[in-house]
Asks: 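Dumping the structure here so I can ask a few things about it.
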Amino acid sequence: MGLNTEHNYTKTGYLNSDFRLFYLTDSNKKEFDFHYHDFYKVLIFLSGNAGYNVEGKYFDLQPDDVVLVSAGEIHRPVIHSDMPYERIIVYLSRDFFEKYKEDDSDLFYCFQEAKAAGSSLIRVAEATRPRFGALNKELALSCRDRDFASSLYQKIKFLEYLILLNRSLLNRDTACIHASACNETVLNIMNYINEHITDDLDIDAIAGHFFLTRYYIMHLFKAETGITIGKYITEKRLFAARKLIQNGSSVTDACYRSGFRNYSAFYRAYKNKYEESPKKTDNS
């Protein structure tokens, strides 16, 4: 798709409404850091030579593939060449899905189906690619549309896309794809951490649980994910704390319920991550 947008959209990592959509192209072999969001993310891959890492699993990407990233999942794209990396990115709050939920339909189904399959990638079937391709082009064009009700039009087109995606999954015209590569040991460590995030997670104890050495799991985890075990644990705890605060917990309660043992360390890490104090989140 040879579309050039008139505006550069900067992804800040924050969502101030229930829906934001971007059309982006990078023309060089850009490096992306691992990161996560407090909201849900849909990435529609249009062209390039790239893959995607989500929570320790790597997926090769083909045009029209859909990457689904849930809130709190650590992820990043991996660019393999200088071919333009072209994609549509959509940020969505959980309220967005609730707003359009009906008795006979739930647009969040695609996320649930992917999770049940242990996947983050949906690949559209060959027979349905023309319909998806046409919608992808309309979504990209909507990013520079400035006509009457352009924001509403953009949202309507994406709702149309979500309906088509979920129908295709329900009709088995489209499938969740297994990871191209993953390390079972790292996935088991991640699952263990997430299941015990509020416990006193000591790296030696984690290593002992898997009958491995401390050095081995630290080296393996960093090599496979790009981040240290300690950083992964901290990121998951910060995400948990933020959700607790947003749901009405006091800052102190959120600190200890999310697994932090030291309030000062929690406060500094939170402010560094979110560029605001946890008390400001509590008052927002």
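These numbers come from a predicted model, not from an experiment.
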Asks: Salt bridge or not for R123 and D65, using N-O below 4.0 Å?
Replies: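 Between D65 and R123 there is a salt bridge, with a charged N closer than 4.0 Å to a carboxylate O.
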Asks: Identify whether F158 and Y100 are in the same connected component of the hydrophobic contact network (ILVMFWY, side-chain heavy atoms under 4.5 Å).
Replies: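 The answer is yes; both residues are in one hydrophobic cluster.
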Asks: Hey, are D145 and K157 close enough for a salt bridge, meaning a charged N less than 4.0 Å from a carboxylate O?
Replies: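 Salt bridge: no.
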Asks: Determine whether F111 and F97 make a side-chain contact, defined as any pair of heavy atoms from C-beta on separated by less than 4.5 Å.
Replies: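 Touching, per the 4.5 Å side-chain cut-off.
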Asks: Is the distance from the ring center of Y263 to that of Y256 below 6.0 Å?
Replies: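 Centroid separation for Y263 and Y256: 6.0 Å or greater.
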Asks: Would you please indicate if the ring centroids of F96 and F19 are separated by under 6.0 Å?
Replies: yes
Asks: Taking the six-membered ring for Trp, are F266 and F260 parallel (under 30°), tilted (30 to 60°) or perpendicular (over 60°)?
Replies: tilted
Asks: Is the distance between the ring centroids of Y161 and F132 less than 6.0 Å?
Replies: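 Close enough - the centres of the two rings lie under 6.0 Å apart.
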Asks: With side chain to side chain donor-acceptor pair (under 3.5 Å) as the test, would you mind laying out the steps for T281 and Q246 before giving the verdict?
Replies: CA-CA 7 Å; T281 301; Q246 290 172 336; over 6 Å; no
Asks: Below 4.0 angstrom, N of the basic side chain to O of the carboxylate: do D95 and K99 qualify?
Replies: no
Asks: Does the plane of the ring in Y270 sit parallel, tilted or perpendicular to the ring in Y274? Use 30° and 60° as the thresholds.
Replies: tilted
Asks: Under 6.0 Å between the ring centres of H209 and Y192?
Replies: yes
